[in-house]
Each structure stands twice: as structure tokens, then as C-alpha cells.
Colleague: 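Before I ask anything, let me first share the structure, which is written out below as C-alpha cells.
Numbers restart at 1 for each chain; the letters A, B, ... are given by sequence-line order, proteins then strands.
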There are 2 protein chains.
Amino acid sequence: MLGQLTIGDLGRATETKVETIRYYERIGLLPIPARTAGNYRSYDDWHLGRLSFIRRARNLGFSLEQVRDLLGLADQRDRSCEAVDAIARGHLADIDRKIADLTALRRELSSIIGQCGCGTIAECRIIEALAPHP
Amino acid sequence: MLGQLTIGDLGRATETKVETIRYYERIGLLPIPARTAGNYRSYDDWHLGRLSFIRRARNLGFSLEQVRDLLGLADQRDRSCEAVDAIARGHLADIDRKIADLTALRRELSSIIGQCGCGTIAECRIIEALAPHP
DNA sequence: CTTGACCCTATAGTGACTACAGGGTGCATA
DNA sequence: TATGCACCCTGTAGTCACTATAGGGTCAAG
């Protein structure tokens, strides 16, 4: 399977919308492919690999900027992977912070909802919790 | 404290940037205030209450659209608060989904990071996990 | 009378896409 | 050969919830 791929093929192979692929090209994340006589983008397996990498990293929640850095590092095969490790650990710390924030939020919202006796709005505990009542 | 407030006063009182207040006005979330002779916005305690409500709801993670709905409901004092409850419970479900997603992500990323022996990029497990290797 | 803190409008930028509008290409079928 | 249809192209604007900037006006203190 070393054939040429259209943008639609690439999209199906990586579960990426065609517009997203063109967007990645526009921001310089995915290299510019060759064109057919009819001006269609023509991709090969190397492009497929690149896009797969990008999508896997995105699915793990890395930002496009982090993906850009990871791609740059992935190409320097004999460098130490410290920098890669640092990006990944930084991202893990971000995720931990988000989970902690959401968990605190969940606790608060859940306690507010628990107090709602479901009468009229005038006596609604949820509205009361949001309205200023000092 | 029934005085008139400038937009800066309002911002300080609610920890909201001045630009954000103007943005809320522009999208019709915060009612248009009176103006002074010098064309400054002039707010009163009612505006302060509205903005406090908005900020509390935002801090609990409600979207601006949800806040808009909650504000509309808050004004109908003798309606049943079922709709309020539904919005809040829907949001709680969103939060639960996000926490679950992030937790799964965290587990996966953490296991990838755990495998990194920190040698060169060529043998880096993190890059390997991202690169296509079938 | 000047300084500086505040205010005004209008517009554009962020991230990561997504959705048109208005066309061109390529291939199978009638 | 025509025609239909799925696909491709570019360019632009929209999403969410702000944030930032440019280029000005207002107001009170010193």
C-alpha cells in the first residue's frame, strides 16, 4: 500500500475531517503535499504517518503547539528524549489540575442541586445560590 | 451603597475585566446601563446583582447560553423551578463526562510516560506510542 | 494646566476547528 | 456523448468566551 492518497482517503484513514487536514496544512503542521494534474492534493504513507501522529497526540489532549514541538523532536532521532518527557509530564500536570478543578466544581454544584426542593423559582435554592445574598 | 458605579467599580466588585463587562452588554446578557454626561456607563445595584449572578454561574462552569436561560428563569419568580433543576443537572452530567474523559486520558498518558527510560528519541516510548507502528 | 487614571468605540486576535459559497475534477452509467 | 454524482479546490466567516490593541475622550488632583 504505497499508493497515492487523496485528502478524503487520508481523512478516512485517520478519522479526520478534510477541512481539518487542510487546516493543519495551512498552519504548517502537516507538510505541503504534491498535487495531481487536476490540482488535487496527493499524499503518501509518510504523510499518513505524520497525520496519525498528530491525531494520536491530539486524542491524548496535547495542544497543537505541543504537537508541533513533539513532531520536531521526533525527527531528531539521536537527541535525548528529555524534552519529550518534559512536554508529556507538563501535560499530565495540566490534566491533573483540570481534574482537580472539575472535581471541586462538581462537589459544589452537586451540593447546590441537592438542596433544591423543586417548588417555585422564588424559593429555588439553585437560583438563590447564584443570586447575591449578602 | 445605592450609588452609581462606573464600569471599573463594577469590574472590581465582581472580579470581571472591564472588556468582559462590555462584551456581556454587547451580547445582550447584561442590560444596557444609563450614561453620564461624559458618556460613561452608569450602573446601579441591580446591575451589580445581575453581573454577580453571571459570574457565579460562570465560575460553576455554566455556559453563557445556560446563564442566559438561568437569568430568564430567575426573573419568573412564581414558575416551577423544574427548568432550573434541569439545566443544573444537565451541567452536572457534562462535568461528570469531562471528569471521566480526563481520568481515562490521565491513565493512558501516565502509563506511556511510565515506560520512558529517558534515553535517545530513537528509543523513546512516548514518541513510539504516538508514531504509527502497525 | 498638565498629568495620569480612567472611560469610550471599533476591530482583530486566541485555539482548534467547522461550515459555507461558488466553483472544478473524475468516473460510472444511460 | 451526456449527465449525474461524489469528490476536490479556494477563500472566507463563524464558533466560544473572552482578551488585546489602537486611537481617542473625560475627569479629578496637584
Colleague: So if I take every side-chain heavy atom of A:T20 and compare against C:dC17, D:dC18, C:dC8, which nucleotide ends up nearest?
Modeller: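 Among the listed nucleotides, the one closest to the side chain of A:T20 is C:dC17.
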Colleague: Without decimals, in angstroms, what is the distance between B:N39 CG and C:dA10 P?
Modeller: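 My rounded result for the distance is 11 Å.
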Colleague: Spell out, yes or no, whether B:L51 and B:F53 are grouped together once hydrophobic residues are joined by side-chain heavy atoms under 4.5 Å, including indirect joins.
Modeller: yes
Colleague: Of the nucleotides D:dC9, C:dC17, C:dC7, which has the atom closest to the A:L64 side chain?
Modeller: C:dC17
Colleague: Touch check for A:T6, heavy atoms < 4.0 angstrom, all strands: base, sugar-phosphate only, or nothing?
Modeller: sugar-phosphate
Colleague: Tell me the interatomic distance from B:D94, atom CG, to D:dC16, atom C1', rounded to whole angstroms.
Modeller: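 So the two atoms are 15 Å apart, to the nearest Å.
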Colleague: Answer yes or no: does a side-chain N or O of A:R35 lie under 4.0 Å from OP1 or OP2 of D:dT10?
Modeller: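 Looking at the OP1 and OP2 atoms of D:dT10, one of them is under 4.0 Å from a side-chain N or O of A:R35.
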Colleague: Given D:dA20, C:dC8, C:dG26, which nucleotide is nearest the side-chain atoms of B:E19?
Modeller: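 Shortest atom-to-atom distance from the side chain points to D:dA20.
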Colleague: For A:E65 and C:dG13, what is the distance between atoms CD and P respectively, to the nearest whole Å?
Modeller: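 These atoms are roughly 17 Å apart.
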Colleague: Mind calculating the distance between NZ (A:K17) and C1' (D:dC9) to the nearest angstrom?
Modeller: 19 Å
Colleague: Do B:R55 and B:Y24 have side-chain N/O donor and acceptor atoms under 3.5 Å apart?
Modeller: yes
Colleague: Using heavy atoms and a sub-4.0 Å distance, could you list which residues of residues 21-30 of chain A are near DNA chain C? By number, please.
Modeller: A:Y23, A:Y24
Colleague: Checking A:L29 against A:E25 for the side chain to side chain contact (heavy atoms under 4.5 Å, CB included) test, could you report, in this order, the C-alpha distance in whole Å, the side-chain angles of both residues, the deciding distance, and whether it holds?
Modeller: CA-CA 6 Å; A:L29 204 59; A:E25 179 184 320; over 6 Å; no
Colleague: Please determine whether a side-chain nitrogen of the Lys or Arg among B:K98 and B:D101 lies less than 4.0 Å from a carboxylate oxygen of the Asp or Glu.
Modeller: no
Colleague: Name every donor-acceptor pair, under 3.5 Å, that has one atom in a side chain of residues 109-124 of chain B and the other anywhere in the protein, sequence neighbours excluded.
Modeller:
| from | atom 1 | to | atom 2 | distance (Å) |
| --- | --- | --- | --- | --- |
| B:T120 | OG1 | B:A122 | N | 3.4 |
| B:E123 | OE2 | B:T120 | N | 3.3 |

Colleague: Please check: side-chain N/O of B:D75 versus main-chain N/O of B:G72, any donor-acceptor pairing under 3.5 Å?
Modeller: no
Colleague: Given axes from five pairs at either end, by how many degrees does the helix from C:dC1-D:dG30 to C:dA30-D:dT1 bend, rounded to 10°?
Modeller: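 Both end axes considered, the difference amounts to 30°.
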Colleague: Is it true that A:W46 and A:L70 fall in one hydrophobic cluster, defined by side-chain heavy atoms closer than 4.5 Å?
Modeller: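 No, no single cluster joins them.
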Colleague: Can you tell me the distance, in whole Å, between the CD atom of A:Q4 and the C1' atom of C:dG26?
Modeller: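 Distance check: A:Q4 CD to C:dG26 C1' gives 17 Å.
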Colleague: When you compare the side chains of B:H91 and B:D94, does any donor N or O come within less than 3.5 Å of an acceptor on the partner?
Modeller: no
Colleague: Round to a whole Å and report the spacing from OH of A:Y40 to C1' of D:dC8.
Modeller: 4 Å
Colleague: Side chain of B:S63, heavy atoms from C-beta onward: which of C:dC7, C:dC17, D:dA17 has the nearest atom to it?
Modeller: D:dA17
Colleague: Would you check if the side chain of B:T20 reaches a backbone N or O of B:T16 as a donor-acceptor pair within less than 3.5 Å?
Modeller: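 Not at all, since once roles are kept as given, no pair shorter than 3.5 Å links the two residues.
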Colleague: Please check the phosphate of D:dC8 (OP1 and OP2 only) for any side-chain N or O of A:R41 closer than 4.0 Å.
Modeller: no
